[in-house]
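Take a look at the structure set out below.
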Amino acid sequence: MNTTQNLCKTLLQNPSSVKSKSQAKQLHAQILRTSLSSPSLLSTILSIYSNLNLLHDSLLIFNSLPSPPTILAWKSIIRCYTSHGLFLHSLSFFIQMLASGKYPDHNVFPSVLKSCTLMKDLRFGESVHGCIIRLGMGFDLYTCNALMNMYSKFWSLEEGGVQRFCDSKMLGGIPEPREIGKCSNSHDLPCELDERIAGIDQNGDLNQMSNILYQVNTYKKVFDEGKTSDVYSKKEKESYYLGSLRKVFEMMPKRDIVSWNTVIAGNAQNGMHEDALMMVREMGNADLRPDSFTLSSVLPIFAEYVNLLKGKEIHGYAIRNGYDADVFIGSSLIDMYAKCTRVDDSCRVFYMLPQHDGISWNSIIAGCVQNGMFDEGLKFFQQMLVAKIKPNHVSFSSIMPACAHLTTLHLGKQLHGCIIRSRFDSNVFIASALVDMYAKCGNIRTARWIFDKMELYDMVSWTAMIMGYALHGHAYDAISLFKRMEVEGVKPNYVAFMAVLTACSHAGLVDEAWKYFNSMTQDYRIIPGLEHYAAVADLLGRVGRLEEAYEFISDMHIEPTGSVWSTLLAACRVHKNIELAEKVSKKLFTVDPENIGAYVLLSNIYSAAGRWKDARKLRIAMRDKGMKKKPACSWIEIKNKVHAFVAGDKSHPYYDRINEALKVLLEQMEREGYVPDTTEVLHDVEEEQKRYLLCSHSERLAITFGIISTPAGTTIRVTKNLRVCVDCHTATKFISKIVGREIVVRDNSRFHHFKDGKCSCGDFW
DNA sequence: ATAGGGTTAG
């Protein structure tokens with residue numbers, strides 16, 4: 001024997017020592033050359049190819065085997081199919097292997113179970129479990145770990161068989177298996193499978209057999225009762241599959257760290273938080289210390305419970321054990337700190353990571369956006385692109401709310417373009433975020449267009465659209481969508497009721513609002529929150545039922561905040577009820593003494609009533625307390641550029657032209673019958689001056705700029721950060737009539753559509 | 001054979 005042959009022999013005796021494709025090829029060639037190509041040697045080469053994940057080469061050998069494939073050949077090809085994502089092929093070869101009379105061993109089950117899991121075919125997986133038990137493999141460590149993984153994923157397997165038939169594109173370039181067999185309906189297979197392996201029980205030990213039968217009966221319960229698993233509720237399925245998961249775990253004679261991590265993750269992800277945490281403690285009794293997998297399963301629990309203390313404890317443990325550079329733990333930590341509103345700490349963790357993958361980028365982006373740090377979120381998104389990490393569907397649904405809140409339509413549109421090109425536009429999360437973004441940026445029609453194109457609605461997508469209508473004052477559209485949602489069996493939640501109540505309040509629909517408020521508490525058992533109370537109180541105030549609103553707020557089962565009282569105070573201003581306004585202010589100043597808006601509001605109410613002394617007293621009190629009202633500001637986006645108008649600021653390059661246009665506009669408005677409502681302006685100002693002061697309100701400057709800078713017929717969108725005042729509302733109606741185009745004013749995320757001298761929300765503004 | 005991120009909110 002020469003040295004080459006010796007080398008070949010050593011390599012063949014230890015196949016896992018072959019580390020490269022070229023080495024494997026050389027070995028293959030040597031064997032063919034020396035005509036030593038016995039089926040067993042070829043199988044060894046096949047297993048080497050399979051180890052190196054070379055599906056094409058593995059199949060070439062497999063299909064040319066002179067005699068029936070050996071166990072090793074079957075195992076190798078099955079594993080290779082699984083790791084290539086060709087799960088159907090993997091399972092079909094598994095069936096063919098059984099059909100050819102070979103008994104599967106403990107090496108093959110992990111691959112087969114992984115295929116079942118990733119194909120979302122739990123029923124097939126359960127049958128394989130039956131097979132495992134009958135073959136006495138129910139005690140193998142790796143097999144049990146794979147089984148537990150399958151059961152822990154039951155929630156993501158719900159749809160069942162969605163990916164059953166693999167993407168045919170994946171088959172390109174790969175030789176077809178010689179015979180796929182009868183695998184067109186994988187649900188028929190288990191029976192055949194059971195028959196084939198029935199014989200094995202005869203040789204089993206009696207004790208073990210009764211044990212096995214007990215297990216088989218337990219696992220097959222669902223099917224023996226003649227029910228499909230769809231009959232069971234989600235809750236029942238949850239306990240059923242979690243039960244299977246735990247049973248496997250309990251039956252295991254030996255458990256390693258992977259077993260513990262799998263059972264912990266399974267419980268943690270299915271809401272059994274306490275059990276998961278208990279198991280982490282129990283793990284210590286088995287002399288196993290939590291590793292990076294354990295920690296990243298446990299951290300999301302503390303993120304959900306907003307338990308900063310426990311989260312920090314885990315962070316400390318991670319640092320002490322050198323896990324703090326792990327991207328998985330890093331992402332969990334970023335998320336945990338962000339959910340505890342500690343975004344600074346999230347950033348610190350992010351910058352400490354030696355490298356960032358898509359998920360850690362997504363975590364930091366979502367962390368910023370969810371905490372209202374929209375500019376920072378956008379900055380990270382940009383940096384992610386620079387780092388050449390391709391944003392995925394999660395990235396887009398995380399960043400979209402930033403555009404919605406900043407009202408940056410041009411950015412939102414750009415992202416929408418990216419989303420369409422990446423084919424993410426049918427994702428429910430993204431579509432809902434897009435609906436919200438377009439609605440918040442004033443394009444309610446585009447929002448509806450996207451909504452109508454969705455194939456699937458969940459509660460959030462309904463709510464986003466309903467809230468969109470509510471904000472735009474389209475109360476009836478909002479209500480009809482809410483009804484449709486209920487008819488289609490989607491249960492509204494806390495936020496959905498906020499949306500429909502906001503819609504009612506916007507349009508002055510008192511009866512409807514009461515109906516929904518009662519339905520929420522009685523039919524859906526949702527405890528009303530501040531937002532629901534605020535919407536109803538706001539509505540009662542708008543329609544002028546001020547005393548009722550006062551009683552309603554006073555009877556709330558939670559302490560009303562300043563914002564609830566200030567909506568009533570605003571209503572008192574509109575309906576000119578000074579007596580109640582003073583009562584409300586008293587309440588307001590007790591809970592929220594720093595509320596500048598309340599002082600201004602009350603002072604305006606005094607002015608309007610001619611009580612100049614009281615108004616002045618308030619202004620002086622404000623000055624003494626060092627409170628200074630921020631000047632009103634409105635902005636308008638024209639050709640991707642944002643123009644801001646701050647009250648009293650004359651620095652806009654077109655200021656003079658705008659003033660000219662305003663003068664002309666005011667004259668036309670007055671000819672149409674507009675009378676400036678100057679009652680709230682300080683009394684010591686000349687009448688002509690008062691007219692001018694009202695005219696130069698920031699939103700009117702912005703609207704005028706829109707009129708002179710956009711082509712006729714364009715909708716003008718103005719974003720404002722202060723409550724629209726009575727005069728502004730009236731004036732905008734006149735302006736819309738004169739210029740004959742739609743004017744949309746956003747005021748505290750509430751939209752007012754002005755057209756032909758009317759406002760979409762009537763007079764219930 | 002095991003782990004991390006997402007949409008609606010006066």
Side-chain angles (χ1 to χ4, degrees), chain A residues 109-111 113-114 117 140-150 152-153 256-266 268-269 290-300 303 323 326-336 338 357-367 369-370 392-401 404-405 424 427-437 439-440 458-468 470-471 492-499 501-502 505-506 529-538 561-564 566-567 748-750:
Chain A
F109 284 118
S111 296
L113 290 167
K114 188 177 182 180
T117 308
D140 174 61
L141 180 64
Y142 277 47
T143 303
C144 286
N145 285 347
L147 267 174
M148 291 195 296
N149 183 45
M150 180 182 79
S152 79
K153 295 278 177 350
D256 68 352
I257 184 89
V258 177
S259 326
W260 283 97
N261 285 342
T262 308
V263 75
I264 288 167
Q269 287 163 0
D291 68 354
S292 62
F293 284 80
T294 328
L295 301 187
S296 40
S297 295
V298 164
L299 270 168
Y323 295 134
D326 182 302
V327 260
F328 278 79
I329 294 187
S331 310
S332 307
L333 283 171
I334 292 167
D335 184 50
M336 185 274 295
D357 65 357
I359 296 188
S360 44
W361 280 107
N362 290 346
S363 306
I364 193 71
I365 292 168
V369 174
Q370 285 163 0
N392 68 359
H393 48 113
V394 178
S395 328
F396 286 117
S397 40
S398 307
I399 196 64
M400 198 53 73
H405 286 280
F424 288 139
N427 177 293
V428 209
F429 284 73
I430 292 181
S432 308
L434 278 171
V435 166
D436 179 60
M437 186 276 291
K440 285 221 173 68
D458 65 3
M459 199 260 308
V460 175
S461 43
W462 287 106
T463 306
M465 192 66 238
I466 294 167
M467 188 60 94
L471 296 178
N493 74 346
Y494 190 95
V495 187
F497 275 104
M498 273 168 58
L501 287 174
T502 305
S505 93
H506 219 141
L530 219 54
E531 297 92 338
H532 304 109
Y533 285 120
V536 175
D538 184 49
T561 56
S563 65
V564 180
S566 40
T567 51
N748 284 305
S749 75
R750 201 164 262 202

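So that the names make sense, note that chain A is the first sequence line, chain B the second, and so on, each numbered from 1.
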Residues which pass side chain to side chain contact (heavy atoms under 4.5 Å, CB included) with Ser461(A), listed by chain and number, not counting sequence neighbours: Val428(A), Ser432(A), Met454(A), Tyr457(A), Asp458(A)

Nearest to side-chain heavy atoms of Met498(A), which nucleotide of dA3(B), dA9(B), dT8(B): dA9(B)

Distance-only donor-acceptor test, Asn392(A) side-chain atoms vs dG6(B) base atoms, 3.5 Å: no

Protein-nucleotide distance (Asp291(A), atom CG; dA1(B), atom C1'), rounded to Å: 13 Å

Minimum-distance nucleotide (side-chain atoms of Asn427(A) versus dT2(B), dG6(B), dG4(B)): dG6(B)

Phosphate OP1/OP2 of dA1(B): any Asn149(A) side-chain N/O under 4.0 Å: no

Minimum-distance pair of heavy atoms, taken over all atoms of Met467(A) and Met498(A): CE-C, 4.2 Å

Below 4.0 Å: OP1/OP2 of dT7(B) and any side-chain N or O of Lys440(A): no

4.5 Å side-chain heavy-atom contact, Asn145(A) and Pro110(A): no

Among dG10(B), dT8(B), dG6(B), the nucleotide that comes nearest once only the side chain of Val495(A) is considered: dT8(B)

Nucleotide of dT8(B), dA1(B), dA9(B) approaching Tyr142(A) most closely (side-chain heavy atoms): dA1(B)

Touch class at under 4.0 angstrom, heavy-atom based, for Val435(A) against every strand present: nothing

Sugar-phosphate only, base, or nothing, as touched by Asp357(A) at under 4.0 Å among non-hydrogen atoms: base

Among dA3(B), dT7(B), dA1(B), the one nearest Ala146(A) by side-chain distance: dA1(B)

Sugar-phosphate, base or nothing in reach of Val428(A), heavy atoms under 4.0 Å: base

Minimum-distance nucleotide to Glu531(A) side chain [options: dT8(B), dT2(B), dA9(B)]: dA9(B)

Integer-rounded Å distance: dT7(B) P and Phe429(A) CZ: 8 Å

Gln370(A) side chain, from C-beta outward: closest of dT2(B), dT7(B), dA1(B): dT7(B)

Closest to side chain of Asp335(A), choosing from dG10(B), dG6(B), dA1(B): dG6(B)

base_contact_polar (dA3(B) base, Ser296(A) side chain, donor-acceptor, <3.5 Å): yes

Ring geometry between Phe293(A) and Phe328(A) (parallel below 30°, tilted from 30 to 60°, perpendicular above 60°): parallel

Sugar-phosphate only, base, or nothing, as touched by Ala366(A) at under 4.0 Å among non-hydrogen atoms: sugar-phosphate

Pair Ser259(A)-Asp256(A), side-chain hydrogen bond (donor to acceptor under 3.5 Å, both in side chains): steps then yes or no: CA-CA 5 Å; Ser259(A) 326; Asp256(A) 68 352; 2.7 Å; yes

Ser397(A) (side chain) and dG6(B) (base): donor-acceptor pair under 3.5 Å: yes

Nearest-nucleotide pick for Gln269(A), side chain only, options being dA3(B), dG6(B), dT7(B): dA3(B)

Sugar-phosphate only, base, or nothing, as touched by Ser363(A) at under 4.0 Å among non-hydrogen atoms: sugar-phosphate

Touch class at under 4.0 angstrom, heavy-atom based, for Thr262(A) against every strand present: sugar-phosphate

Nearest-nucleotide pick for Thr502(A), side chain only, options being dG4(B), dG10(B), dT7(B): dG10(B)

Base dG4(B) to side chain Ser332(A), donor-acceptor N/O within 3.5 Å cut-off: no

Partner residues of Ala366(A) under the side chain to side chain contact (heavy atoms under 4.5 Å, CB included) criterion, sequence neighbours left out: Gln370(A), Ser398(A)

